Every structure is written in C-alpha cells, then in structure tokens.
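Sequential numbering from 1 along the given sequence is applied to the chain's residues. Here the structure is a predicted model, which is why all the values come from computation and not from measurement. Hydrogens, waters and symmetry mates are skipped; everything else that's a heavy atom, side chains included, is used.
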Amino acid sequence: MASVTSLSDSVQQRLAAALSAALPEAGSADPLLRRSDRADFQANGILALAKKAKANPRELATQVVAQVESGDVIREIEVSGPGFLNITLSDGAIVRNLAARYADPARLGVPLAEHPGTTVIDYAQPNVAKEMHVGHLRSAVIGDAVVQLLEFTGESVVRRHHIGDWGTQFGMLIQYLDEHPHELDHKDTQVSGEEAMSNLDRLYKAARKLFDSDEEFKTRARLRVVDLQAGDPHTLAVWQKFVDESKIYFFSVFEKLDMEIRDADIVGESGYNDMLAETCRLLEESGVAVRSEGALCVFFDDVKGPDGNPVPLIVQKSDGGYGYAATDLSAIRDRVFNLKANTLVYVVDARQSLHFKMVFETARRAGWLGDDVTAHQLAFGTVLGKDGKPFKTREGETVKLVDLLDEAVERATAVVREKDVQQQLSEQEIAERGTQVGVGAVKYADLSTSANRDYKFDLDQMVSLNGDTSVYLQYAYARIQSILRKAGELRPSAHPELELAEAERALGLHADAFAETVADAAREYAPHKLAAYLYQLASLYTTFYDKCPVLKAETPEQVENRLFLCDVTARTLHRGMALLGVRTPERL
C-alpha cells in the first residue's frame with residue numbers, strides 16, 4: 001500500500017508553489033504552516049519573506065492567495081492581520097484522505113523512512129544477581145517504545161541489553177559461594193524467576209556484608225576477579241550459573257511488563273571482555289589516551305572537578321583493571337564495525353550524562369564515531385513518589401519493580417470489575433483486562449512524560465478514567481468497539497459528499513496527522529509526542545461522541561460516515577498504543 005500524503009503536506013505543497021510564483025526570488029520558501037484555532041491551518045512564513053524582499057507583507061499575502069490552487073483540497077483561504085494566511089479545507093478532502101488511510105489497516109498510510117539505516121538501541125540494562133527496581137522501569141519502557149517506533153518507520157534496529165554481569169562483585173559472590181556451597185541449593189528444580197532472584201539477592205547481601213567486614217575475604221574475592229578475567233574454568237562455571245539464574249528472573253519481569261526480550265540481544269559487560277586490551281592499545285597508540293599516575297586516561301578541556309583540575313575518563317586503572325569506560329568504548333567499536341550501525345542510542349539515566357559525553361567524545365577522537373556514525377544518550381529523569389522525592393518504600397529501600405507492577409494490576413483489576421456493572425466479563429476476562437490496563441497504565445504514565453523530566457509515580461492517577469491516562473485512551477477504544485458491535489449490519493463507509501459538523505472536522509483533521517506524528521516521534525526518539533497526540537485524539541473523540549449521534553444520525557449515509565470516523569479513530573488508537581507497548585482491550 002502506498003503512503004498517504006497528509007492534508008498538511010498537501011496544503012504545504014500548494015502554498016509553496018504559490019509563494020514561488022508570487023515571489024520567484026524566494027525559491028522554495030517554507031510557508032510555515034501550523035494548525036490554528038481560527039481556521040484549519042495558518043501560514044506565517046510570508047512576514048519573514050516580505051521583510052527579506054522589502055515588500056508589503058499584506059500585499060504579498062494577497063498575491064500568494066491569487067496563485068493558490070484551491071478546489072478539491074482548499075475550500076477557503078484569506079489574508080489575516082499583517083500577512084498571515086488562514087486556510088480552511090474542504091470537508092470532502094478530509095474524508096477522502098481518511099478513507100485512503102482506512103484502506104491501509106496495517107500502516108494507516110504511514111510512510112517508511114526514505115533513507116533508513118541501522119540503529120543499535122542500548123536499553124533495559126538490569127544487573128545480574130540483583131533484583132530489578134523502579135529505576136529500571138524507564139530504560140526498559142522508553143527503549144522498547146523507541147524500538148517499536150523506529151522499526152515501524154523502516155529502520156533496521158539492533159536491540160542490546162548491556163546487563164551488569166562482570167566486575168568486582170562477581171569475585172565476591174563466587175568466592176562466597178565457594179566457601180558456603182549450600183547457599184544456592186534449590187529444594188525444587190522448578191524455580192520461578194522471582195524465587196531464583198530472591199536467593200541470589202540474599203546471597204549478594206551476605207557476600208557484601210562479609211566483603212565489607214573481613215579484609216582476608218576481601219583479598220580472596222579480589223583474587224577471584226583475576227581468575228574470572230583470566231577464564232578459570234571453575235570460576236567461569238559458577239559465574240555462568242549466576243547469569244543463568246538471573247536471566248530466568250529478567251525474562252519473568254519483562255514478561256510482566258509485556259515486553260519481548262530475546263536472549264540473543266542480551267550482550268552484557270562480559271561480552272566485550274576480549275576486546276578491552278585492544279581498545280586500550282588503540283587509544284594509547286593514537287594518542288587519544290595517555291598514562292597518568294599509572295592509569296590510562298583521556299582528558300577534556302571542559303571537564304574539571306571542584307578544585308579546578310581536569311577530571312579524566314579512566315579507561316584502565318593503575319592496577320591493570322578495566323573500568324566501565326573500557327567496556328563502553330569496546331561496545332561502540334563492536335556496534336560500529338561489526339554490527340555496521342549508523343546510529344547508537346543509549347537509553348540511560350541522566351545522572352550518567354557526563355560519563356557518556358566523555359565516552360562519545362573519546363570515540364570521536366579515535367575515529368570510531370563521526371559524521372556518518374553518531375551516538376546519542378536518550379537521558380531519562382528519576383521516578384518520584386507522590387511527595388516529589390525519589391520513590392522509596394517506607395523502610396527507605398528502593399521499590400522492587402515486580403511489587404510495583406503487581407500493585408498496578410491489582411488496582412486496575414478493581415477498576416475493571418467496578419466498571420463491569422452488567423457483569424458481562426468472566427473472572428478470567430477481568431483478570432486479563434486488569435493486567436492489560438495495569439501494565440499499560442504504568443507504561444503510559446512513563447511515556448507521556450518527556451524522557452528527560454522526572455515524573456511522579458501515582459498509581460491512583462494512573463488507573464483513573466479521567467485525565468491523561470492510558471485507561472482513558474483504552475476506554476475510548478473500547479467504547480468505539482461497543483458502538484461498532486451495536487451497529488449490526490450497518491458498516492463504516494466514507495461519504496466525502498457530506499457536510500461535516502465542527503466536532504467531526506476536528507476529529508478527522510487530527511486523525512490525519514497520525515503519520516507525521518509517528519515520523520516526528522521516531523526521528524526525535526520522543527514517545528511522549530505520540531502519547532500526547534493519542535490523548536488529544538481520544539479527547540476529540542469524546543467531544544465528537546457527545547455532540548454527534550452515531551447510530552441515531554439523521555440519514556443512513558451520515559450513520560455510515562460517523563461509523564467510519566469512529567473506526568478510523570479506533571484503528572489509530574490501536575496502532576498508536578501498540579507502538580507505545582500498550583494493549584487496547586476490545587471490552588472494558
């Protein structure tokens with residue numbers, strides 16, 4: 001199916017042609033088109049062009065209007081104020097454009113990117129032997145939505161989950177388990193992911209306590225790290241057991257989040273172990289990194305500590321050990337030269353911004369990044385409690401992600417049961433809807449906030465039917481499905497010949513903007529832009545529903561046309577929510 005030219009693009013093309021005809025020296029000038037509350041669109045570009053050409057803006061605007069090709073798309077165009085253009089579209093153009101999108105149910109006329117490339121997205125990075133907490137939520141949810149958006153627009157996406165599976169803590173864990181061999185015994189071979197992680201978490205805390213209090217154990221643990229890095233078979237076997245146990249848990253949590261995480265996409269810190277020495281050699285030989293007090297460092301003019309002295313990126317420590325920088329730089333080499341990526345996107349906490357700024361600059365100096373290969377940190381803010389402080393339990397501990405999801409599902413299930421006043425849903429259906437609504441509520445609350453901002457985690461608000469929540473959008477979708485079921489033999493059908501009511505026009509124009517919204521959200525790695533669009537779509541549908549009777553419209557043609565507007569809206573909500581990783585139940 002061919003992509004559909006949006007109404008705004010159609011108007012843009014007509015205005016640009018008229019501008020070129022009225023003012024040839026302007027070339028292909030941008031009319032600066034935007035939606036308006038005074039007409040369907042307003043063009044503001046003539047003022048700047050007139051100033052440049054030393055012309056009267058109102059006179060130039062009048063000349064442009066005379067050159068505009070109207071008729072099938074533009075119903076009316078008038079000069080306003082000092083030289084703005086107010087443009088009103090024909091009702092038929094709105095319906096015809098939506099009909100073209102409707103004929104493409106899989107993509108709704110959304111075009112594929114003209115020059116797709118390969119993007120590696122680094123997201124959802126839990127740590128082996130540690131339970132996932134609320135801080136892991138944003139990387140997973142934002143990253144997954146960006147993956148969906150990019151893949152939908154035609155980009156080749158390589159997913160990477162850079163899990164924490166290497167370093168000092170594993171020497172500590174392995175040494176502790178060697179000295180306390182029964183700590184990880186399972187009574188039952190069929191252990192759930194949460195039970196497996198609970199055992200590892202308990203083991204980790206016990207090992208950490210001994211590590212901090214016993215200098216001899218600390219020395220043995222550090223020697224065990226050397227064994228691990230050297231590939232000692234026994235040490236590697238125990239380490240692999242930790243990784244395998246942790247993965248059982250990771251997969252169970254991501255399944256609760258309704259996210260697909262594939263084993264092949266999990267390439268943790270250990271995956272780059274064999275590249276670390278070469279990365280350091282390349283950096284040192286090229287002069288990008290230098291030895292300072294025995295450590296291999298990269299210095300930056302604009303990065304200084306409180307004392308005014310330069311703060312370097314330490315690639316290799318003075319004792320020969322490797323830091324996060326060595327692993328991250330090796331990962332860049334792998335992603336650029338082996339995976340042939342054009343773009344690297346890191347969905348990582350904003351508090352790591354300085355680290356990634358230094359890593360990316362080092363990679364640029366080394367020639368691994370450049371004009372043809374770019375790296376971006378999609379930095380995200382902190383999840384806050386209702387009090388505006390970082391989200392913690394009453395005991396002051398970080399909230400477990402599993403507990404948070406379970407509570408969201410519990411609250412949402414209660415809402416679904418309460419709304420099912422006619423008791424049409426079975427207990428199984430209530431539980432299923434409750435899961436979809438609860439998990440969707442958590443994901444949407446995250447995605448409806450710009451990634452770089454902190455946001456308050458308020459479950460009561462998240463599962464509310466009022467306001468900017470996924471439940472409000474899901475309810476709008478379910479309401480449309482109910483109308484379509486009640487329509488019986490009457491089918492949605494576009495009638496471009498009909499005059500549209502104001503609420504119908506507003507809904508139709510917004511539905512037609514889906515393609516450009518998806519393109520913008522994908523290009524800017526900004527799922528919140530799609531979330532805002534969908535919320536406005538549901539709001540405009542609510543107004544349409546209140547003001548325009550559907551099944552009791554005045555004529556059969558009007559019933560069909562309004563059913564068509566309903567179904568276009570439903571398909572747009574369904575596709576848009578899917579790109580955010582949120583389900584849209586048929587009934588609520």
Side-chain angles (χ1 to χ4, degrees), residues 112-128 136 138-166 243 247 250-251 254-255 257-276 278-279 324-349 352 355-356 359-360 362-364 366-380 447 451 518-519 521-527 530 578-581:
L112 294 167
E114 288 182 16
H115 305 291
T118 298
T119 296
V120 175
I121 299 191
D122 188 325
Y123 69 108
Q125 311 106 343
N127 293 309
V128 165
H136 291 111
R138 302 209 72 186
S139 177
V141 170
I142 295 167
D144 188 57
V146 173
V147 167
Q148 303 301 331
L149 281 164
L150 289 181
E151 287 185 337
F152 190 65
T153 54
E155 185 78 354
S156 176
V157 178
V158 181
R159 311 168 191 212
R160 278 292 175 265
H161 309 298
H162 192 86
I163 63 172
D165 65 351
W166 208 242
V243 173
K247 279 185 180 179
F250 295 156
F251 288 129
F254 289 126
E255 191 176 342
L257 264 174
D258 198 15
M259 276 174 53
E260 181 193 29
I261 300 288
R262 300 179 297 228
D263 194 46
D265 301 332
I266 299 176
V267 183
E269 295 165 0
S270 63
Y272 307 101
N273 192 48
D274 293 345
M275 298 176 67
L276 301 180
E278 186 181 19
T279 295
Y324 290 123
T327 306
D328 287 332
L329 287 162
S330 297
I332 287 175
R333 287 177 53 220
D334 177 62
R335 293 164 185 184
V336 172
F337 300 112
N338 295 335
L339 299 178
K340 308 297 183 190
N342 312 103
T343 310
L344 309 179
V345 177
Y346 292 76
V347 188
V348 182
D349 193 315
Q352 296 188 45
H355 169 78
F356 278 100
V359 165
F360 295 161
T362 300
R364 270 190 286 273
W368 306 333
L369 296 175
D371 293 339
D372 54 341
V373 186
T374 56
H376 312 271
Q377 183 195 358
L378 179 45
F380 56 82
L447 294 170
V518 168
R523 184 174 56 253
E524 298 172 27
Y525 313 124
L530 177 57
L579 291 174
L580 296 178

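Proximity of H162 to Y272: side-chain heavy atoms (C-beta onward) are separated by under 4.5 Å at one or more points. Here the side chains of Y346 and L378 are not in contact, with every heavy-atom distance at 4.5 Å or above. Using a 4.5 Å heavy-atom cutoff, the side chains of T362 and I332 are not in contact. No side-chain heavy atom of F337 sits under 4.5 Å from any side-chain heavy atom of V373. The shortest side-chain heavy-atom distance between T374 and F360 does not fall under the 4.5 Å cut-off. E269 places a side-chain heavy atom less than 4.5 Å from the side chain of Y324. Y123 is not listed as a side-chain neighbour of V345, based on a closest heavy-atom distance of 4.5 Å or more. Taking the side chain as every heavy atom from C-beta outward, L579 and V518 approach each other to under 4.5 Å.
W368 and T279 make their closest contact through CH2-CG2, 4.1 Å (heavy atoms, listed as atom of the first residue, atom of the second, distance). Residue A124 comes nearest to I261 through the heavy atom pair CB-CD1, 4.5 Å, listed as atom of the first residue, atom of the second, then distance. For S139 against Q125, the heavy-atom pair with the smallest separation is OG-OE1, 3.0 Å. Taking all atoms of both residues into account, the shortest heavy-atom contact from L369 to A375 is CD1-CB, 3.7 Å. Nearest heavy atoms, L276 versus S330: CD2-OG, 3.5 Å. Contact detail for A341 and L344: the closest heavy-atom pair is CB-CD2, 3.7 Å.
How far CD of E151 is from CD1 of I121: 8.0 Å, rounded to the nearest 0.5 Å. Residue R159 holds its CZ atom at 5.0 Å from CD of E260, rounded to the nearest 0.5 Å. Atom CG in L257 sits 12.0 Å away from atom NE2 in H136 (nearest 0.5 Å). For the atom pair CG (L149) and CG (D144), the distance works out to 10.0 Å, reported to the nearest 0.5 Å. With values rounded to the nearest 0.5 angstrom, N342 atom CG is found 8.0 Å from D372 atom CG. Note that the OG1 atom of T153 and the CZ atom of R523 stand 10.0 Å from one another [nearest 0.5 Å].
Around CD of E255, the count of heavy atoms belonging to other residues, nucleotides or ligands within 6.0 Å does not exceed 12. For CZ of F251, the number of neighbouring non-hydrogen atoms (other residues, nucleotides, ligands) closer than 6.0 Å is greater than 12.
A donor-acceptor pair under 3.5 Å is absent between the side-chain atoms of T119 and the main chain of V157, judged by distance alone. Here the side chain of E155 pairs a donor or acceptor atom with the backbone of G117 at under 3.5 angstrom. A distance-only check finds a donor-acceptor pair linking the side chain of Q377 to the backbone of V348 [under 3.5 Å]. Looking at D165, its side chain never comes within 3.5 Å of a backbone N or O of V128 through a donor-acceptor pair.
Residues forming a salt bridge (charged side-chain N to carboxylate O under 4.0 Å, His left out) with D328 (at least two apart in sequence, or on another chain): none.
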